[in-house]
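Beneath this line is the structure, given in structure tokens, with notes to follow.
Quick caveat: nothing in here was measured; it's all calculated off a predicted structure. Naming convention: chains lettered A, B, ... in sequence-line order (proteins, then strands); numbering from 1 in each chain.
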Protein chains: 2
Amino acid sequence: MATHTHECVQLVPIFQELAEEQQDTIESIVRHHHFEAGETLFSADDPLDTLMIVANGQVKVYQLAANGREQLLYLLQTGDIDGEAALFENQRRTSFGEALVPTDVCGIRRKDFQALMQKFPSISINVLNVFGKRLTQLERQTTSTATESVEARLASYLTETAASLHTDTFKLPLKKKDLATFLGTTPETISRKLTRFAQQGLITQKPGKVIQINDADQLLLAE
Amino acid sequence: MATHTHECVQLVPIFQELAEEQQDTIESIVRHHHFEAGETLFSADDPLDTLMIVANGQVKVYQLAANGREQLLYLLQTGDIDGEAALFENQRRTSFGEALVPTDVCGIRRKDFQALMQKFPSISINVLNVFGKRLTQLERQTTSTATESVEARLASYLTETAASLHTDTFKLPLKKKDLATFLGTTPETISRKLTRFAQQGLITQKPGKVIQINDADQLLLAE
DNA sequence: TGAGTTTCTTGACGGCCGTCAAGTTCTGAA
DNA sequence: TTCAGAACTTGACGGCCGTCAAGAAACTCA
């Protein structure tokens, strides 16, 4: 099993550039956990003192609003990390995570991770890189939900997803309910908008949540 | 002038913990700029290769949405930094900054800052700290605009502002138009909601954009 | 102080979209 | 394959809030 667990550290971009020996050091620090699909990885109000690394699988991260509604913030893939704020202060979580598929996770406690960053400065620079991208993404998301219509947000989501997959035809990676909370709307509205796009010929809906984009440019002009 | 410029580096939290000599090193790298109120510090589509430090003043940072509307993302104070994404890749800005009052700014080029982080690892840890907080804040803001009503968001904004100032009576730091783009709404709606809160006795509006909060608990129950 | 500009307020109106409800399709386990 | 539960679709309805417009108030600067 040593090989398997070692893969966990190797996979993670923030530990790239470290010599194998140094990766072993890290391996001795992390704790491994496994979750089945649907299991909760952490909840709101958990003490927030562990950095989480997705070794294998997918994790949905939700945040709870004051009125009790949920917002899907991230869809973490293998190699992604979570728990950023964990690294510094005693904070409480306001989010909760749920495995979307069977998932392996590595945890590193705050103190250990801080020591690691002191010892291997390249790690903190890699983490900065990750945070920078996430900040940029969140800034765009905030702007988008605050200023654009649901229709425009959905259109952006579709074209961006297609672009990142390098294909016009793809399967929606989320159920409509999750997609709805991600875009700040409701499943009903998603259904209606998709039907509308299809009627306009901008997309084609196929069985199994498969979407084919026919006219990305026109789609983005949707208001 | 040496003393004055040195203050710039001393003021910035991310350079704390450095010896004076090391701060001098940094001082020799930064470039100083001064802007009058209303001046533009940087625009969308600028090449993004400089980290900006607010040495003195206030800066509004907006982002442009696809439909041309603006979103106020940050209100930077003395000691705050901006340009996070700058630090890593050749990205283009999607935001623009504007001085709210006469403002002094220090800029550090990406290459120089990366060298600094290599030399003084504590800097990168401090930057991580800043990013972590900003991420947490943006996550809350995204969730809030996506799931809560304008009324609830405005109520949160008022009570949080009051709390951070440790007083019930305070002056709104922004014009209604800016406050509106920050909260993802319009000046008209802000006016209406404030009038409504006042009619309900939850707040009292006084001349000069001064607000007095009478019942913070009840205010937060607004939907 | 006063004129001109910007900002703010209030009203009227309409559209987007959230909610509730009912019917249909999909999915996964026995 | 079958069937129960989940997910999805579609319709009807209503409220929140964005837009336009006009008047009031506040601010700026000579």
Margin query: What range of DNA chain C does chain B touch, first nucleotide to last, counting atoms under 4.0 Å from its heavy atoms?
Written below: C/dT7 to C/dA12
Check: Tell me: CG of A/L179 to C1' of D/dC8, nearest whole Å?
Finding: 13 Å
Note to self: Does A/K175, at its NZ atom, have more than 12 non-hydrogen atoms belonging to other residues, nucleotides or ligands within less than 6.0 Å?
What the structure shows: no
Next item on the list: Establish, from distance only, whether the side-chain atoms of B/T147 and A/Q71 form a donor-acceptor pair under 3.5 Å.
Entry: no
Next item on the list: Nearest whole angstrom, please: distance from the C1' of D/dA25 to the CG of B/L194.
Entry: 16 Å
Note to self: Taking A/E139 first and then A/R134, would you say they form a salt bridge - that is, a charged N and a carboxylate O separated by under 4.0 Å?
What the structure shows: no
Check: Is it true that A/K60 and A/E98 make a salt bridge, defined as a side-chain N closer than 4.0 Å to a carboxylate O?
Finding: yes
Checklist line | Electrostatic pair A/R196:A/E151 at N-O distance under 4.0 angstrom | finding: yes
Item checked: Lys/Arg-Asp/Glu bridge criterion (N-O < 4.0 Å) met for A/D82, A/R93 -> yes
Margin query: Rounded to whole Å, please give me the gap between CD in A/E188 and P in D/dT10.
Written below: 12 Å
Checklist line | Nearest-nucleotide 5' precedence on DNA chain C, A/E151 against B/T189 | finding: B/T189
Next item on the list: Look at A/K175 and D/dA7 and indicate whether a side-chain polar atom (N or O) is within less than 4.0 Å of OP1 or OP2.
Entry: yes
